[in-house]
Amino acid sequence: MRQLFLLTLLGLLSQAAFAVAADAAVVVPDAGYLAELKQQAHERRLDHAPMWQRLLHYRPSSWPGGVESTVDFPQFFLAADGKHDPRAELDTTLDSFFGEGQREGEPAQCRAKARYEWLKNELAFDSRRLPEQVCERFDEWLRGLDAAALAVVFASNDLYSPSSMFGHTLLRVDAHGQGGDDRLLAYAVNYAANTGEQNGLTYAVRGLGGSYAGTFSIYPYYEKVKEYARFEHRDLWEYPLQLDHAAVQRLLRHLWELRGVEFDYYFFTENCSYQLLSLLEVARPDLRLVGRFDGGVPYAIPIDTVRELRRQHLLGAPVYRAALAQQLRYRLQRMPRADREWAVAYARGDAGFDDLRFARAEPAARTRMLETAQDELYFLFRSGAVQRESGIRRSREALVARSRIAEPADFEAVPRPAFSPDEGHGSGRFGLGLRNDGADSAALLRIRPAYHDRLDPPAGYLAGGELEFFDLGLLADEQGVDLDSLRLLSVQAVSPRDVAFRPWSWQASAGVRRSALPTLRAGGSLGAYADGGGGLAWAPVVGVQTYGFAFVEVDVNRDRGQGYALAGGLRAGVSAQWSTRWTQQLELDALSDLAGGAMDVMRLRWGAQWQFIPTQGLRLQLAGAQTKDSDDGSAELIWLHYF
């Protein structure tokens, strides 16, 4: 008995001694081992390693040989000058792993989880000399995600929203066992500017200058689907990423480090596309995705992100998720005329259940009519065309009527478009051609970094939409090279009206030019211009849009009387995308003098393009203008290369 007591006492003392030793290992840093790790890191130049540079988001700075992190959040860095000094940041990071203090309620090993795991692997940490901390919050977060795979989601562009004109990209985190519509229950990783702005012009101006802070956030995926596909009428394309489990875990560990971390948000460069690529570079250290921006490429367009990932063989076949507006249009197109007319009339309050078109319909047809009416009522309410009280009453009555019919609606799914957005032409365009105005000729060079006009190949782009930035034109003849025009911005949102939707179309453009008509007359001075207006559009047949705008135009040019000219009038046009290779457009402007040196003028423009291979096309444009004093005209033939 006495021996048993002594053995038990010795066991308890041994356990106590072991616990004290373990605590001491955490509390009392192993200074010798820390020095060894730093020496190894310096000898191997780990602060220059691509993975370390990516984990800290370092990019070349304006100083030769220097770097600067794109992170603009001091708390992200452990060293005082960590934003500019990778070696100091690495040393201080190693220091923190030995300390007993916490950062934002977590041990440093947990708060800087991606950095810890990478350094642990590179330097082969000895767990006896550097015990590993338990990261309860991170482990719980990771278990909640249950990540099995990732997908890139592209939300199509929305010309009615300055923040979404070029579209948007985000990541979806798929859990184990999720497939099909179950993926709506996945999580979405989103990067966006924290604006709080309702004014689109303010957003655009401040976004160009980096005046907003951008952050990563995680939402249930169905919330993003509701925002884009239901509220904003934007189709979604979901591209599965070809990443193994280790790559997915690296990305998530880095995302954990970026919680609440702010970056300066730039509309054209450090935007959602750029930051998504930076995340994927951490997942796959062998990739070089954002290096193109280090060389001065001044823009990052969301669909170009997708194209780059496709080029790197990282994407699987996309899944198309049609916007609710697309689904409604498709249903209405396939419904019998009487059924369609009743559904729209009921939503607008112009028909009831006693209407013979509804009363005499078969149960299955009634089901489709009621569900279609409900969706149409939703869009009318969001557009303000239906008052809340009457809308809620009609919605409730439609739901009650639907509940009494057992037959399912059996709507057909919206067919996947023939081309996904990444299969469209390149965002950049270079052109070389010839212009003639009847008396003189000159070589013409054009370059446009972004994005699309209605004569460009239509595959993968919104029919009728036009968005161009920084379209530069130069003329060259025996006397030299002159700037012909610089179109800073040109937007035309031609949104055809139909039985379900009655949107307004609009246009705006601004830049510098010598003349509203592309001529070669000597002596023309460069001047600023801007125009804009609104109107209506229709699509009489698939692939054809007709439109009309009321608009005003202002030119500030010393060649004009009083130095400026203000005119107003009408623009009418028709554009046709006959196939993926053949497009045409005709526009007529009728303008009247309002102020300054303006004159009454009629302008006519016609253009056609033949895309003989996916990256190259040939465009012919004719233009003419008539005033009471003159008739002018010109012709252009230009070869275009898309990149």
Side-chain angles (χ1 to χ4, degrees), residues 152 154-159 164-169 234-237 239 268 271 273 277 289 292 297-315 317-318 320 416-433 444-473 487 489-494 509 542-545 575-585 607-621 636-643:
V152 172
F154 174 74
S156 60
N157 58 318
D158 178 10
L159 295 179
S164 304
M165 280 189 170
F166 290 103
H168 184 65
T169 50
R234 299 165 66 182
D235 293 340
L236 299 178
W237 292 83
Y239 299 81
F268 282 118
N271 52 23
S273 298
L277 292 177
L289 299 174
R292 59 182 297 222
V297 175
Y299 57 93
I301 295 176
I303 194 57
D304 287 344
T305 299
V306 179
R307 293 191 181 113
E308 177 63 18
L309 296 176
R310 173 76 70 200
R311 192 182 70 82
Q312 299 275 3
H313 307 291
L314 287 172
L315 299 181
Y320 172 63
R416 180 190 184 277
F419 297 90
S420 59
D422 60 296
E423 294 176 306
H425 66 77
S427 300
R429 191 184 73 190
F430 170 83
L432 187 63
L444 173 65
L445 182 147
R446 300 208 72 91
I447 186 165
R448 183 197 69 189
Y451 171 67
H452 178 75
D453 68 31
R454 278 192 295 278
L455 287 176
D456 287 329
Y461 288 83
L462 293 177
E466 181 169 294
L467 174 61
E468 294 186 288
F469 273 91
F470 301 105
D471 184 13
L472 172 68
R487 187 180 303 155
L489 166 69
S490 177
V491 185
Q492 278 199 9
V494 173
S509 65
V542 176
V544 175
Q545 305 87 37
S575 63
Q577 301 82 45
W578 302 119
S579 70
T580 59
R581 294 192 172 192
W582 181 249
T583 56
Q584 282 185 288
Q585 183 175 11
Q609 181 164 325
W610 173 48
Q611 196 75 9
F612 51 90
I613 62 174
T615 59
Q616 297 181 38
L618 196 63
R619 178 177 294 190
L620 174 64
Q621 291 182 292
E636 291 181 7
L637 182 63
I638 186 167
W639 163 80
L640 298 171
H641 172 70
Y642 296 87
F643 58 91

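Side chains included, hydrogens not; waters and symmetry mates left out as well; all remaining heavy atoms used.
Closest approach of Leu455 to Arg619, counting heavy atoms only: CB-NH2, 3.3 Å. The minimum heavy-atom distance between Ser427 and Ile303, with the atom names listed, is OG-CG2, 4.1 Å. Closest approach of Pro302 to Gly167, counting heavy atoms only: CG-O, 3.4 Å. Across Thr580 and Ala459, no two heavy atoms sit closer than the pair CG2-CB, 4.2 Å. Residues Val544 and Ala576 approach most closely at CG2-CB, 4.0 Å, considering heavy atoms. Residues Arg307 and Pro421 come closest through the heavy atom pair NH2-O, 3.4 Å.
At least one side-chain heavy atom of Leu445 sits under 4.5 Å from a side-chain heavy atom of Phe430. Counting only heavy atoms from C-beta outward, the side chains of Arg310 and Val306 never approach each other to under 4.5 Å. Counting heavy atoms from C-beta outward, Leu309 and Leu289 have side chains that approach closer than 4.5 Å.
Paired with His452 under the rule ring pair (Phe, Tyr, Trp, His ring centres under 6.0 Å), one option of Tyr642, Phe166, Tyr461 passes, and it is Tyr461.
With rounding to the nearest 0.5 angstrom, the CG atom of Asp422 is 13.5 Å from the CZ atom of Arg311. Atom CG of Asp304 sits about 10.0 Å away from atom CG of Leu277, to the nearest 0.5 Å. In this structure, the separation between CD on Glu308 and CD1 on Ile301 is 13.5 Å, given to the nearest 0.5 Å. A distance of 8.0 Å separates CD in Gln611 from OG1 in Thr583, rounded to the nearest 0.5 Å. Interatomic distance, CZ of Phe612 versus CG of Leu640, reported as 9.0 Å (0.5 Å rounding). Interatomic distance, Gln609 CD to Trp582 CH2, rounded to the nearest 0.5 Å: 9.5 Å.
By the side chain to side chain contact (heavy atoms under 4.5 Å, CB included) test, Leu489 is found to be paired with Leu467, Phe469, Val491, residues two or more places apart in sequence or in another chain being considered. Residues meeting the salt bridge (Lys or Arg N to Asp or Glu O under 4.0 Å) test with Arg448, sequence neighbours left out: Asp453, Asp456, Glu468. Annotation: side chain to side chain donor-acceptor pair (under 3.5 Å) contacts of Trp578 (sequence neighbours excluded): Gln584. For Ser509, the side chain to side chain donor-acceptor pair (under 3.5 Å) partners at least two apart in sequence or on another chain are Asp531. For the ring pair (Phe, Tyr, Trp, His ring centres under 6.0 Å) test, no residue two or more places apart in sequence or in another chain qualifies with Tyr239. Taking Tyr320 as the reference, Trp237 meet the ring pair (Phe, Tyr, Trp, His ring centres under 6.0 Å) condition, with sequence neighbours excluded. The side chain to side chain donor-acceptor pair (under 3.5 Å) test applied to Trp639 returns Gln616, not counting sequence neighbours. Looking at residues two or more places apart in sequence or on another chain, you find no ring pair (Phe, Tyr, Trp, His ring centres under 6.0 Å) involving Phe643. Scanning for salt bridge (Lys or Arg N to Asp or Glu O under 4.0 Å) contacts around Asp235 gives an empty result, with sequence neighbours left out. Checked against ring pair (Phe, Tyr, Trp, His ring centres under 6.0 Å), Phe154 has no partners two or more places apart in sequence or in another chain. For the side chain to side chain contact (heavy atoms under 4.5 Å, CB included) test, residues two or more places apart in sequence or in another chain that qualify with Glu423 are Phe419, Ser420. Thr305 meets the side chain to side chain donor-acceptor pair (under 3.5 Å) test with Ser273; sequence neighbours excluded.
Side chain of Arg234 to main chain of Ser156: a donor-acceptor pair is present (N/O by atom type, distance under 3.5 Å, no hydrogens or angles). Side chain of Arg454 to main chain of Glu466: no donor-acceptor pair is present (N/O by atom type, distance under 3.5 Å, no hydrogens or angles). Side chain of Asn157 to backbone of Met165: a donor-acceptor contact under 3.5 angstrom is found.
Side-chain contact, Gln545 with Ser575: a donor N or O sits under 3.5 Å from an acceptor N or O.
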- For Asp471 and Arg429, what are the C-alpha separation, side-chain angles and deciding distance, and is it a side-chain contact (heavy atoms from CB on, under 4.5 Å)? CA-CA 9 Å; Asp471 184 13; Arg429 191 184 73 190; 4.1 Å; yes
